[in-house]
Amino acid sequence: MSPTSSGRPPDDSALDPSPGTIREMGMEAVEWVAAYHGSIRDRPVAPRTSAAALKDLLAEPLPVQGRDFSHLLDVFRDVIVPGSRHNGHPRFFGYVSAPGTAVASVADFLASALNANLPAWRSAPAPTELEHVAIDWIKEALGCVPTAGGLFMSGGSMANFAALAAARHRHCGDVVASHGVSAHPRPLRIYASQEAHHSIHKAAALLGIGRGNVREVALDARFRMDVNDLVRKIEEDRAAGADPFCVVASAGTVGTGAVDPLTEIAATAKRYGLWMHVDACYGGFARLAPSARPLFDGLSEADSIALDPHKWLYLPADCGCLIYRDPEAARAAFALGADYTRVMQTEPAEAFTFWDYGPDLSRRFRALKVWMVLAHAGSQAVGEAIESNLDCARYLAELVDASDDFELLSPVELSIFCFRYLPPAARTGPGSGADAQELDRVNQRILVSLQESGSSYLSNATINGRFALRGCVLNYRTTRKDMEILLDDVRRAAEQVPGATD
Ligand SMILES: *Cc1c(COP(=O)(O)O)cnc(C)c1O
């Protein structure tokens, strides 16, 4: 064989490169990673680009002949990176988005290189044991009972889905698993607050329970589930012949960061025999921060807890997590008996199969990045970073309260803040006659202008029917100074909106 056009030695193919070639590829990529982490603060938070412009740069017919890795890395550096939003930027406050950490990206690389697949212990003995260790650490961080168990999944939506599947199975048994929900005599009912994440409704739809059977429980003044309304709705439904079986509490709503009253909800769940699921995808890890810890009293009583390590454990996507108080209850919902999955091992730990506890068969080695971040940083440093995020949100609230051109629209419970800009005519206080629709319109335009500025990035929420600028601090790089810059950026964005500053 003659050397290829790329100059690779003849024993070196694209599918099976030599160790020397792998080393070169890795060095080039790692150089980029190091430079990226070192310069992320200086980049525009979000790109100004369009789908058409990106297609123009990227779309092409399937390449028949291969090309050099360095060419592909050029496309990554020159097109993908500038065309990306930088979720690790200290003033990216949109949605609920983690910065990622360098050690976790190394872990993801190593996990892919080892190519461990974790359907069961026998498929990946040490990776499986490491997943158990990482899950145990998470249980400890949350204060779960030692007999709880769990596993990693693609994300919080999947964790919520699997939890509701387990809840449905405990209540309905094999009849529904075999014959579908129509075999259940009465309409099933799930309870969740009006601020619950839409993945709950989606799961109800996918499980055949129906979105319409998710009863939306009213909120208290802090946007938390009103437990009196929960009880009222359960009683109402029972009297009407429906079948309440599950309550979903939020431990950190995505709108305002509210943590539902978990202890009271647990007592209500017990009283009515409901499965208690907690959607703690955003807030759960805040239990590591001393100032937030009391909010999570009652969490350990939940039958299941959905979490997103790719949020407040600062991990890159994807990594969701589901903890079951009684793993055996979940097992009944997911166990399958196909011959090709039969396990011959007799030692229970070695016969362990993840597929009995969730919908997935093949599974990435996500545990490696969870383990590496927690073992490398330690829970104290993670807790301190979360505490600092909470402090930044509270500081923003103080700045807003002290200003006359902004107002807070919801209390800061964790690290989410919702506020709006007030044009001069609206600053004389409540009843100033400012038109509510006009305020919505001005703030919507401010948001667009801010997102285009590239210096700070917020998303939005609807609070009591009004448009809010919404931010979430979820980044160990963010400082109090960034919160000051954010407000200045919003003021500058307001200057771009006709009629907003005069
Ligand atoms: C992010 C989030 C979800 C969905 O999680 P994904 O990982 O995006 O699928 C569900 N609930 C809450 C409260 C969240 O913050």
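Note that ligands are numbered from 1 as they come in the structure, with each ligand's atoms numbered from 1 the same way.
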Query - Ionic contact status for Arg215 with Glu236, cut-off 4.0 Å - result: yes

Need the list: ligand 1 N/O atoms against protein N/O atoms, distance under 3.5 Å, rounded to one decimal.
{"unit_1": "ligand 1", "atom_1": "5 (O)", "unit_2": "Gly156", "atom_2": "N", "d": "3.4"}
{"unit_1": "ligand 1", "atom_1": "5 (O)", "unit_2": "Ser157", "atom_2": "N", "d": "3.4"}
{"unit_1": "ligand 1", "atom_1": "5 (O)", "unit_2": "Asp308", "atom_2": "OD2", "d": "3.1"}
{"unit_1": "ligand 1", "atom_1": "7 (O)", "unit_2": "Gly156", "atom_2": "N", "d": "2.8"}
{"unit_1": "ligand 1", "atom_1": "7 (O)", "unit_2": "Asp308", "atom_2": "OD1", "d": "3.2"}
{"unit_1": "ligand 1", "atom_1": "7 (O)", "unit_2": "Asp308", "atom_2": "OD2", "d": "2.7"}
{"unit_1": "ligand 1", "atom_1": "7 (O)", "unit_2": "His310", "atom_2": "NE2", "d": "2.9"}
{"unit_1": "ligand 1", "atom_1": "9 (O)", "unit_2": "Gly156", "atom_2": "N", "d": "3.3"}
{"unit_1": "ligand 1", "atom_1": "9 (O)", "unit_2": "Ser157", "atom_2": "N", "d": "2.8"}
{"unit_1": "ligand 1", "atom_1": "9 (O)", "unit_2": "Ser157", "atom_2": "OG", "d": "2.7"}
{"unit_1": "ligand 1", "atom_1": "11 (N)", "unit_2": "Asp279", "atom_2": "OD1", "d": "3.2"}
{"unit_1": "ligand 1", "atom_1": "11 (N)", "unit_2": "Asp279", "atom_2": "OD2", "d": "2.7"}
{"unit_1": "ligand 1", "atom_1": "15 (O)", "unit_2": "Lys311", "atom_2": "NZ", "d": "2.8"}

Report summary line: From the list Asp318, Asp108, Asn115, Asn117, side chain to side chain donor-acceptor pair (under 3.5 Å) partner of Arg364 resolves to Asp108

Report summary line: Those residues at least two apart in sequence (or on a different chain) that pass side chain to side chain donor-acceptor pair (under 3.5 Å) with Arg441 are Glu438

Query - Partners meeting side chain to side chain donor-acceptor pair (under 3.5 Å) with Ser199 (sequence neighbours left out) - result: Asn160, His197

Identify every side-chain donor-acceptor pair in residues 281-288 under 3.5 Å, counting partners at least two apart or on other chains, and give the distances.
{"unit_1": "Tyr282", "atom_1": "OH", "unit_2": "Ser415", "atom_2": "N", "d": "2.8"}
{"unit_1": "Tyr282", "atom_1": "OH", "unit_2": "Ser415", "atom_2": "OG", "d": "2.8"}
{"unit_1": "Tyr282", "atom_1": "OH", "unit_2": "Ile416", "atom_2": "N", "d": "3.4"}
{"unit_1": "Arg287", "atom_1": "NE", "unit_2": "Leu142", "atom_2": "O", "d": "3.3"}
{"unit_1": "Arg287", "atom_1": "NH1", "unit_2": "Ala141", "atom_2": "O", "d": "2.9"}

Query raised in the report: Are Arg366 and Phe152 in a cation-pi contact, defined as NZ or CZ under 6.0 Å from the six-membered ring centre and within 45° of the axis?
Result: no

